[in-house]
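Report on one structure; see the data block that follows.
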There are 2 protein chains.
Amino acid sequence: MQTPKRTLSSSAAEPEPGPAAAASDVPARRPRGRPRKTITEQDDGNRRRKLMDKAAKLFLTKGYAATSTRDIAAAVGMHSGSPYYHFKSKSALLHAVMSEGMTAALESQQEVLDRLGPDAPPHEQLRALVRHHFEILLGPRSGFIPVMLYEWRSLTPAQRRDVARIKDAYEAAWMPALQALAHAGALKAEPAVARLFIFGALNWAVSWFSPRKGLSLDALSEQAMLLFIHHD
Amino acid sequence: MQTPKRTLSSSAAEPEPGPAAAASDVPARRPRGRPRKTITEQDDGNRRRKLMDKAAKLFLTKGYAATSTRDIAAAVGMHSGSPYYHFKSKSALLHAVMSEGMTAALESQQEVLDRLGPDAPPHEQLRALVRHHFEILLGPRSGFIPVMLYEWRSLTPAQRRDVARIKDAYEAAWMPALQALAHAGALKAEPAVARLFIFGALNWAVSWFSPRKGLSLDALSEQAMLLFIHHD
DNA sequence: CCTACCGATCGGTAGG
DNA sequence: CCTACCGATCGGTAGG
């Protein structure tokens, strides 16, 4: 990904606004993309990210509806109204978690496929996709995608459509490998149905997998491949 | 299962209490088991069941926390406080849905296995279990088990332990078939891990299956078997 | 099962 | 980002 080009008007010598200026300066209307780095008492982008991280953790533990914006504020050391400085509603915070989580997952999945190259055997492509998906779901940086799996119904219809676009692209990337495997006789179910079953099997691991149970993500991926792929 | 023996004191000629008596007669402390049939304006057991049915539907659509007891009352044509005549708390209603749903599922699953007999080939046992599970999840009388899958975290720890007992028995009944299939070489993953993946794959269908999509529950079961079971 | 009600909590906002 | 606050809603209950 490239760093976004600065617009001409926001070029070099722009003075850093102090806290007072930052407060009176219409904060609701930001330019699109990452918020620009404004030095307030705490770094702004970090606060936004921290809100999303803690919110995701709480949404996953207690559920979106049962988590109050006060819970989230307290978890990051803010006062009750302050999350609304960063997000215009509780719902927008949920949407940001899912949307940015899914975007990052789609990008890292594409990197995995690119690294493997288009001529890798489909068996290896699927193994890499499975392994990467477990990393997204269960790895040390996980959290946003599991929220998406459990809180889909908490989105508004418009938000759902928006996140679905990214999710569809993520899932569509599995089809070439599945179709190749079906063609080779290593996958016996219809690829479109197999994809749904396979995502179910993997996603469900969020509800039972514990890294301390002795199973590594590599071993878990291997078990999944053994279950789904028929060797001759 | 046997019908519970009546205690001596609650024998034959007990008069039906009228509406007034039913209202003043400590309604919170019922004997265990099904409520006895007391003729009020509406039949009591039916009202309780209707509350559970509508509550399950709402819990599944909007989520437990986002469903108010007023929503539930309105859905069955009661006023706001009336569900508390049948359940001592919102949480108790959720628990009843899961507990009674899981109990019924365990019983009908056992009937399926009994009908098949202990000498049926493991392949047929698994197919029957899968088919029955889809019936529970997606069939015309479904609803309670999907709520359990999505609202586990809304239970109190004690309620969780209680429902887990039944759920564990339900899942344990799959192990003999899976172990036999593994032994015969038709299941390549470890049976304990395979069971978790398989339940995930099947349970996930709640989020995507639509009977109008042209796929019957029989065809769905067949696809699942093709995916998991390796024929030689 | 209805009526009337309570205390608590919630999402959100104005104003600084 | 904090302070102080509002209107709405919620789970639950007493009393009949």
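Under a cut-off of 6.0 angstrom, the local environment of NZ in B/Lys62 is crowded, with over 12 non-hydrogen atoms contributed by other residues, nucleotides or ligands.
When all heavy atoms of A/Leu137 and A/Leu202 are compared, the pair lying nearest together is CD1-O, 3.4 Å.
Dashed line: the shortest gap from a side-chain N or O of A/Tyr84 to OP1 or OP2 of C/dT13 is not under 4.0 Å.
Nearest-nucleotide mapping onto DNA chain D: of B/Ser68 and A/Gly81, the residue sitting toward the 5' end is A/Gly81.
Salt-bridge annotation for A/Arg153 and B/Glu151: present, with a side-chain N of the basic residue lying under 4.0 Å from a carboxylate O of the acidic one.
Here the C1' atom of nucleotide C/dC10 and the CG atom of A/Leu58 are 15 Å apart, to the nearest Å. Distance, B/His86 NE2 to C/dC1 P: 3 Å, rounded to whole Å. B/Tyr85 has its OH atom 12 Å from the C1' atom of C/dC2, to the nearest Å. Distance, B/Asn46 CG to C/dC1 C1': 15 Å, rounded to whole Å. Look at NZ on A/Lys88: it is 19 Å from P on D/dC1, rounded to the nearest Å. For the pair A/His79 NE2 and C/dG12 C1', the computed distance is 17 Å after rounding to whole Å. Atoms CG (B/Leu51) and C1' (C/dC1) sit 11 Å apart, rounded to a whole Å. The distance from atom CE of B/Met78 to atom P of C/dC1 is 4 Å, rounded to the nearest whole Å.
Side-chain contact check for B/Ser99 versus B/Asp162: some heavy-atom pair is nearer than 4.5 Å.
Put simply, the residue from B/His133, B/Gln110, B/Arg165, B/Glu107 that forms a side-chain hydrogen bond (donor to acceptor under 3.5 Å, both in side chains) with B/Tyr170 is B/His133.
Across all strands, B/Ser91 comes closer than 4.0 Å to no nucleic acid atom at all (heavy-atom distances). At a threshold of 4.0 angstrom between heavy atoms, the contacts of A/Ser82 include nucleobase atoms, whether or not backbone atoms are also involved.
Comparing atom distances between the B/Ser89 side chain and each of C/dG11, C/dG12, D/dG12 picks out D/dG12 as nearest.
Nucleotide D/dG15 is matched to C/dC2 when pairs are restricted to Watson-Crick or G-U wobble geometry with both distances under 3.5 angstrom.
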